[in-house]
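Report on one structure; see the data block that follows.
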Amino acid sequence: MSGPSTLPTSQAPSALEYGGDEISALVLDPGQCWTRAGFAGEDTPKTVIPSHYGYVNGGDEGKKYYFGDNDVHALRPGMEIANPMADGIVADWDVAPQLWKYALTSRLTTELSEHPLLITEPVWNTPKNREKTAEIAFEDFDVPAFYLAKSAVCAGFASGKPTALVIDIGASNISVTPIHDGIVLKKGSVRTPLGGDFISNQIRSHFAANGIPLSAHYQVQSKMPVEVGKPAEATLRQFKSGEEPTESWKAFQEERVLTEFKECTAQVWAGPGPVPAQGTEGIGGRTFEFPDGYNLVFGAERFRITEGIFAPRQMLIHGEIPHPDPETTQGFGGMVFSAVRDVDIEIKPHILNNTVVTGSGSLLYGLNDRINNEMANVFPGPRVRLTASGNSTERSYASWLGGSILASLGSFHQLWVSKKEYEEHGPGIVEKRCK
Ligand SMILES: Nc1ncnc2c1ncn2[C@@H]1O[C@H](COP(=O)(O)OP(=O)(O)OP(=O)(O)O)[C@@H](O)[C@H]1O
């Protein structure tokens with residue numbers, strides 16, 4: 001791998017300043033849906049927690065926060081659910097550092113001051129946010145050294161590709177990023193809000209438009225098997241007055257069911273020809289059972305809820321359910337075209353030949369076949385070769401894994417921003433050093 005030696009370098013901090021080779025660096029990959037943390041050099045993050053958190057307003061004592069899978073899913077009267085991330089970057093600087101600290105210290109170490117820290121960031125992170133991240137790392141966490149790495153570059157490294165076209169399908173966005181020798185070609189970086197959250201809302205729209213009731217696991221005390229399409233026969237949990245879950249917690253629980261639907265029922269139409277309008281003829285049907293036992297066979301619908309990724313004008317729109325503007329949102333083919341259009345003609349074939357598909361949203365059935373077809377349509381001449389790990393864990397953790405690889409390479413120590421440098425130059429040093 002030709003990676004970090006080609007990343008911008010500076011005067012290397014001494015081993016004493018960044019902690020030396022004996023101390024493992026920590027790697028934090030904060031996403032819209034999941035926050036991943038672990039030790040550099042390892043294959044998987046030790047901690048993966050929801051980026052959503054719970055809070056209860058505690059009067060004079062202020063808010064009480066709850067982080068981590070068990071706590072956010074626990075039914076606590078009055079607990080609201082929120083997310084410090086918006087559009088894939090930090091929006092709430094009061095909570096994000098607490099969430100990160102929880103991810104880093106709950107299972108990894110209690111001594112943040114002993115470990116260099118690499119944090120990943122999307123290409124569209126703002127300069128203000130980048131400086132704030134450095135400030136949190138050095139001033140709140142007291143780390144000896146710090147680096148901000150682009151998640152697309154990390155995902156490329158995870159596949160052993162410092163030159164690549166990285167297609168990341170996350171919760172908030174689909175982003176397409178050309179990288180060359182470990183450097184992001186910023187002009188070609190494009191994204192649309194057509195990621196996993198969009199698909200969740202497409203499913204909600206389909207259910208709402210067709211009167212399909214969406215139940216969540218917490219509601220169901222017991223259930224009886226029922227025939228396809230017949231009303232559920234379930235005993236629902238009753239809540240005493242004042243002990244009901246909040247609307248935000250209920251929506252969070254519904255989101256789990258929507259993710260199950262994405263995992264087992266939703267599918268991407270590979271073509272040829274347009275998505276079938278209805279029925280199961282020639283395409284088969286898949287049964288989805290809701291937590292209350294209600295179950296239905298989904299045919300053409302399961303393709304129509306994902307088609308908006310490729311043809312935004314075909315997105316499902318229903319009532320108040322949020323959706324991007326179908327007229328101005330770029331579909332997948334337009335995105336990859338824009339991403340590659342201005343790339344140097346000599347680099348273009350290398351980039352296309354090393355197309356990396358990553359992010360948990362890319363685990364939708366049939367997505368890779370469709371991406372292959374779309375890429376072949378947009379770039380009929382040059383050879384396009386897709387790399388998408390067959391291992392779903394690797395696909396979900398690619399940015400973290402690339403960060404883990406980078407931070408554990410011997411040559412990486414030149415890139416750490418040391419605490420001494422931060423103290424001398426202030427947070428603005430990240431703009432200069434972490435390109
Ligand atoms: N098997 C699956 N099939 C389809 N979608 C899935 C699957 N598993 C998870 N998802 C969806 O993937 C999204 C999360 O993707 P990912 O873990 O890459 O997000 P993230 O990195 O936290 O988000 P972002 O990249 O927006 O910051 C969610 O919308 C989730 O519902």
Side-chain angles (χ1 to χ4, degrees), residues 27-37 44-45 47-53 69 72 83-91 96 99-100 103 119-125 129 149-155 158 166-177 189-204 214 251-268 286 288 302-303 305-306 308-309 322 324 356-371 388-403:
V27 177
L28 179 76
D29 177 30
Q32 178 79 30
C33 192
W34 297 102
T35 298
R36 299 153 276 241
T44 46
T47 309
V48 180
I49 55 167
S51 298
H52 287 85
Y53 66 95
D69 246 323
V72 290
N83 192 326
M85 311 287 285
D87 199 21
I89 64 174
V90 177
L99 176 77
W100 295 353
I119 301 188
T120 65
E121 58 165 0
V123 173
W124 59 94
N125 203 8
N129 263 14
K150 298 275 180 281
S151 16
V153 173
C154 292
V166 178
I167 300 171
D168 184 354
I169 306 182
S172 57
N173 282 279
I174 296 182
S175 60
V176 183
T177 315
S189 301
V190 288
R191 68 190 168 102
T192 60
L194 300 177
D197 290 345
F198 164 73
I199 299 298
S200 294
N201 282 330
Q202 290 290 280
I203 303 170
R204 276 186 191 276
L214 171 60
F252 188 53
Q253 295 308 313
E254 284 173 5
E255 187 60 41
R256 284 179 115 176
V257 181
L258 298 177
T259 292
E260 286 163 21
F261 189 89
K262 284 186 230 177
E263 285 168 356
C264 11
T265 309
Q267 190 162 348
V268 175
R286 275 206 196 123
F288 184 79
R302 64 179 205 275
F303 298 99
I305 54 169
T306 60
I309 297 176
V356 174
V357 181
T358 183
S360 312
S362 71
L363 294 168
L364 278 171
Y365 278 115
L367 185 71
N368 278 353
D369 290 343
R370 178 64 176 272
I371 290 182
S389 172
N391 179 330
S392 62
T393 314
E394 262 176 45
R395 198 99 67 89
S396 305
Y397 302 157
S399 296
W400 183 88
L401 176 61

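In each ligand, atom 1 is the first atom listed, and ligand 1 is the first ligand listed.
Judged purely by atom type and a 3.5 angstrom limit, Trp34 has no side-chain atom pairing as donor or acceptor with the backbone of Ser396.
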Give one line per pair: atom of ligand 1, protein atom, distance. Only N/O to N/O under 3.5 Å.
from	atom 1	to	atom 2	distance (Å)
ligand 1	12 (O)	Gly361	N	3.3
ligand 1	17 (O)	Arg36	NH1	3.4
ligand 1	17 (O)	Ser360	OG	2.8
ligand 1	18 (O)	Ser360	N	2.9
ligand 1	21 (O)	Arg36	NH2	2.7
ligand 1	22 (O)	Gln32	N	3.3
ligand 1	22 (O)	Cys33	N	2.8
ligand 1	22 (O)	Trp34	N	2.9
ligand 1	23 (O)	Gln32	N	3.4
ligand 1	23 (O)	Ala171	N	3.2
ligand 1	26 (O)	Ala171	N	3.0
ligand 1	26 (O)	Ser172	N	2.8
ligand 1	26 (O)	Ser172	OG	2.7
ligand 1	27 (O)	Gln32	N	2.7
ligand 1	29 (O)	Lys262	NZ	3.1
ligand 1	31 (O)	Thr259	OG1	2.9
ligand 1	31 (O)	Lys262	NZ	2.8

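Residues that satisfy the ring-ring contact (aromatic ring centres under 6.0 Å, His included) test with Phe303, not counting sequence neighbours, are Trp269.
Ser362 places none of its side-chain heavy atoms less than 4.5 Å from the side chain of Ile167. Taking 4.5 Å as the limit, every side-chain heavy atom of Val257 sits out of range of all side-chain heavy atoms of Glu254.
A cation-pi arrangement is absent between Arg302 and Phe288 under the rule of less than 6.0 angstrom and at most 45 degrees off the ring axis.
Paired with Thr35 under the rule side chain to side chain contact (heavy atoms under 4.5 Å, CB included), one option of Tyr53, Trp400, Trp100 passes, and it is Trp100.
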